[in-house]
Structure formats: structure tokens, C-alpha cells
Q: 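Have a look at the structure that comes next, please.
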Amino acid sequence: PCPLCHPQLEGLCSFLQLSTCPEHLLVRFCGWLLALTPDLSYTSAAALAEQLFLRRVLSLTQPPSRHLMAALASFCSKYSQPFCQVLVAAVLREMGEGVEQTKLVCELVEECLEPDSVRLVLSQVLEVPLSEKLLPVVQAVLGRQVRGPPLVSLGFFCQLQQRWRKDQLSSVLMDLFQEVLPAELFDLLVLTLCRQAPAFATSLNYAKLVTALLTMYQGQVS
């Protein structure tokens with residue numbers, strides 16, 4: 001069983017005032033979370049994502065501090081699926097004119113989230129009415145299809161070389177650097193972009209997005 005159940009976590013967050021505590025303390029708390037064994041349940045991690053980050057992210061009117069980004073990256077390194085299910089979904093629903101929220105979601109996609117979570121973000125985007133604000137998020141997802149998952153360092157690559165045979169290493173690197181959208185999600189993206197084309201007739205972001213899609217998936221788009 002998880003060391004802390006859902007009601008205990010809510011009580012702890014309330015007692016520590018984690019939704020409003022200084023952000024440098026948030027970084028320390030997330031570091032403590034990562035060290036917990038066994039891991040938090042999906043439900044508990046989702047509840048924590050909401051308690052720790054939702055108010056802070058929705059209220060952003062300027063770029064997030066380095067402490068907040070460090071806390072977000074730390075939490076996402078282990079609990080990116082519940083994080084996206086709760087926090088990213090809420091941000092997408094409430095985005096409105098939130099320029100900083102858009103930039104933050106793009107940065108999370110580009111630098112923090114694992115491939116499965118990146119695809120989850122795209123599916124969440126396609127569940128809400130597509131807007132000019134959301135186009136950069138889709139563009140960031142497509143960018144990951146080329147660049148692969150975040151933070152593959154030279155040291156990590158050297159460790160792979162030392163531990164695995166050449167054929168094993170080749171297979172792993174193919175997985176790392178060739179993220180491919182599932183056929184169903186790709187088809188939904190193309191259908192959504194086609195249906196929304198008249199609404200984005202003068203949008204430079206839309207034109208860039210369609211160009212990137214056609215370039216990357218030219219064999220699948222007719």
C-alpha cells in the first residue's frame with residue numbers, strides 16, 4: 001500500500017499550506033516525494049498535482065520562476081501521467097488569454113514529459129475546441145516526434161554503450177529518437193486540422209503547423 005492515502009495527503013497539503021508555500025520549499029517537497037517508497041498511487045499523485053500546482057499555474061501572468069519550473073520538472077519525472085490528466089487538462093480548459101500558460105505547457109512538452117504523456121497532452125488538446133492559443137502546443141508535440149524524449153545526456157549515452165550490446169543499443173536509441181503518433185491519434189489530428197481550416201485561414205501558426213505535419217508525415221497524408 002502507498003505510505004500515504006488520499007485523505008492523509010490532502011490533510012498534509014493543507015497543514016503545510018503547499019498550495020501557497022514559497023516555491024523553493026515546493027522544490028524540496030517534490031524531492032521528498034520522489035524518494036517515497038513505494039510510489040504514490042495514481043489517485044494520490046493526481047491529487048497532489050492539483051494541490052501543489054494548479055492554483056500557481058492558472059494564476060501565472062509572467063514566466064514561471066526557476067523554482068516552480070524545477071518543482072514541475074521534478075514531479076513530472078515520476079508522475080507525468082497523473083500530472084497531465086489533472087493539471088494540463090485544467091490548464092487547457094481554462095486557458096483563455098493565458099499566454100504564460102500556453103508557454104508553460106509547451107515547455108513541459110518539450111523538456112519534461114515522457115512520450116506517453118506527450119501523446120496524452122495531444123489527445124487532451126483535441127478534446128477541446130481548437131484555438132490560436134493551442135496551436136503552439138500541437139506544434140511542440142510534433143517537435144517531439146523528431147527530437148525524441150527529454151534530457152538524453154552524453155553521460156547517459158556512454159552508460160548505455162558500456163552496459164548493452166550494439167544491437168540492444170540500436171533498438172533502444174530507435175525508441176528514444178523516433179516517437180510516432182498512434183494511427184488513431186494522428187487521424188484525429190489531421191481530421192481536426194482539416195475541419196478547422198476555414199477558421200485559421202489567416203493564421204501563421206496554423207500554416208506552420210500544417211507544413212510541419214506534411215513534412216513529417218508526407219507518406220501518410222494524401
Side-chain angles (χ1 to χ4, degrees), residues 1-128 133-134 136-138 140-141 144 149-151 153:
C2 178
L4 290 174
C5 66
H6 191 170
Q8 289 175 318
L9 279 171
E10 288 190 334
L12 179 62
C13 290
S14 177
F15 176 74
L16 297 177
Q17 299 182 323
L18 292 177
S19 62
T20 57
C21 74
E23 290 174 351
H24 70 279
L25 297 180
L26 193 63
V27 177
R28 294 176 61 182
F29 183 76
C30 287
W32 173 78
L33 284 178
L34 297 186
L36 280 179
T37 54
D39 293 347
L40 297 173
S41 69
Y42 189 100
T43 301
S44 295
L48 270 178
E50 182 175 355
Q51 290 279 339
L52 297 177
F53 301 115
L54 186 57
R55 180 187 299 181
R56 298 174 191 273
V57 170
L58 291 181
S59 64
L60 285 175
T61 57
Q62 57 186 7
S65 70
R66 61 184 181 86
H67 285 122
L68 179 55
M69 284 306 303
L72 288 165
S74 178
F75 192 90
C76 287
S77 70
K78 195 169 188 178
Y79 300 110
S80 61
Q81 284 278 325
F83 176 89
C84 290
Q85 196 69 56
V86 172
L87 190 127
V88 173
V91 169
L92 294 177
R93 288 194 302 269
E94 303 291 334
M95 191 169 280
E97 296 299 316
V99 175
E100 294 304 330
Q101 286 75 16
T102 305
K103 291 179 180 178
L104 176 61
V105 173
C106 289
E107 187 167 353
L108 291 173
V109 167
E110 292 167 352
E111 303 296 341
C112 300
L113 301 180
E114 293 300 320
D116 286 348
S117 298
V118 171
R119 291 189 284 270
L120 175 58
V121 170
L122 179 57
S123 68
Q124 291 172 320
V125 169
L126 297 178
E127 289 174 359
V128 299
K133 296 290 184 182
L134 291 177
V137 179
V138 182
V141 171
R144 281 290 298 271
L151 304 179
S153 66

Q: Contact between Leu120 and Asp116 at the side-chain level, heavy atoms closer than 4.5 Å - yes or no?
A: no
Q: Could you note down all residue pairs passing side-chain hydrogen bond (donor to acceptor under 3.5 Å, both in side chains) where residues 54-69 supplies at least one of them, sequence neighbours left out?
A: Glu23-Ser65
Q: Carefully, step by step, assess Leu34 and Ser74 under the rule side-chain contact (heavy atoms from CB on, under 4.5 Å).
A: CA-CA 8 Å; Leu34 297 186; Ser74 178; 3.1 Å; yes
Q: To the nearest 0.5 angstrom, please state how far the CD atom of Gln124 sits from the CD atom of Gln85.
A: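 Here the interatomic distance stands at 5.5 Å.
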Q: Got Leu104 and Val91 here, is their nearest side-chain heavy-atom distance under 4.5 Å?
A: no
Q: So do the side chains of Glu107 and Cys112 get within less than 4.5 Å of each other, counting heavy atoms only?
A: no
Q: Could you give me the CA-CA distance, side-chain angles and deciding distance for Leu52 and Leu33, then say whether side-chain contact (heavy atoms from CB on, under 4.5 Å) is met?
A: CA-CA 12 Å; Leu52 297 177; Leu33 284 178; 4.1 Å; yes
Q: Would you find a donor on one side and an acceptor on the other, under 3.5 Å apart, between the side chain of Gln101 and the backbone of Leu58?
A: yes
Q: What I'd like to find out is whether the side chain of Val141 reaches to under 4.5 Å of the side chain of Arg119, using heavy atoms alone.
A: no
Q: Are there more than 12 heavy atoms of other residues, nucleotides or ligands under 6.0 Å from atom NZ of Lys78?
A: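 More than 12 heavy atoms, drawn from other residues, nucleotides or ligands, come within 6.0 Å of this atom.
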Q: Listed by chain and number, what are the ring-ring contact (aromatic ring centres under 6.0 Å, His included) partners of Tyr79, not counting sequence neighbours?
A: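 Applying ring-ring contact (aromatic ring centres under 6.0 Å, His included) to Tyr79 gives Phe75.
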Q: Short question: side chain of Glu100, backbone of Pro64 - any donor-acceptor pair under 3.5 Å?
A: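 Flag not set: sc Glu100 to bb Pro64 has no pair under 3.5 Å.
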Q: Just do the side-chain contact (heavy atoms from CB on, under 4.5 Å) check on Val125 and Val105 with the steps written out, would you?
A: CA-CA 11 Å; Val125 169; Val105 173; over 6 Å; no
Q: Dump the intermediate steps for side-chain contact (heavy atoms from CB on, under 4.5 Å) on Glu111 and Met69, then the final yes or no.
A: CA-CA 11 Å; Glu111 303 296 341; Met69 284 306 303; over 6 Å; no
Q: For the residue pair Leu87 and Val57, what are the closest heavy atoms and their distance?
A: CD2-CG2, 4.2 Å
Q: Do the side chains of Phe53 and Leu26 get nearer than 4.5 Å, heavy atoms only?
A: yes
Q: Give, for atom OG1 of Thr102 and atom CG of Leu92, the distance between the pair rounded to the nearest 0.5 Å.
A: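 One gets 8.5 Å once the value is rounded to the nearest 0.5 Å.
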Q: For Ala71 and Cys30, work out which heavy atoms get closest and say how close.
A: O-SG, 3.8 Å
Q: CG/Leu122 to SG/Cys84 distance, rounded to the nearest 0.5 angstrom?
A: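 So the CG of Leu122 and the SG of Cys84 are separated by 11.5 Å.
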Q: Please collect all salt bridge (charged side-chain N to carboxylate O under 4.0 Å, His left out) contacts where either partner lies in residues 27-38, sequence neighbours excluded, each pair once.
A: none
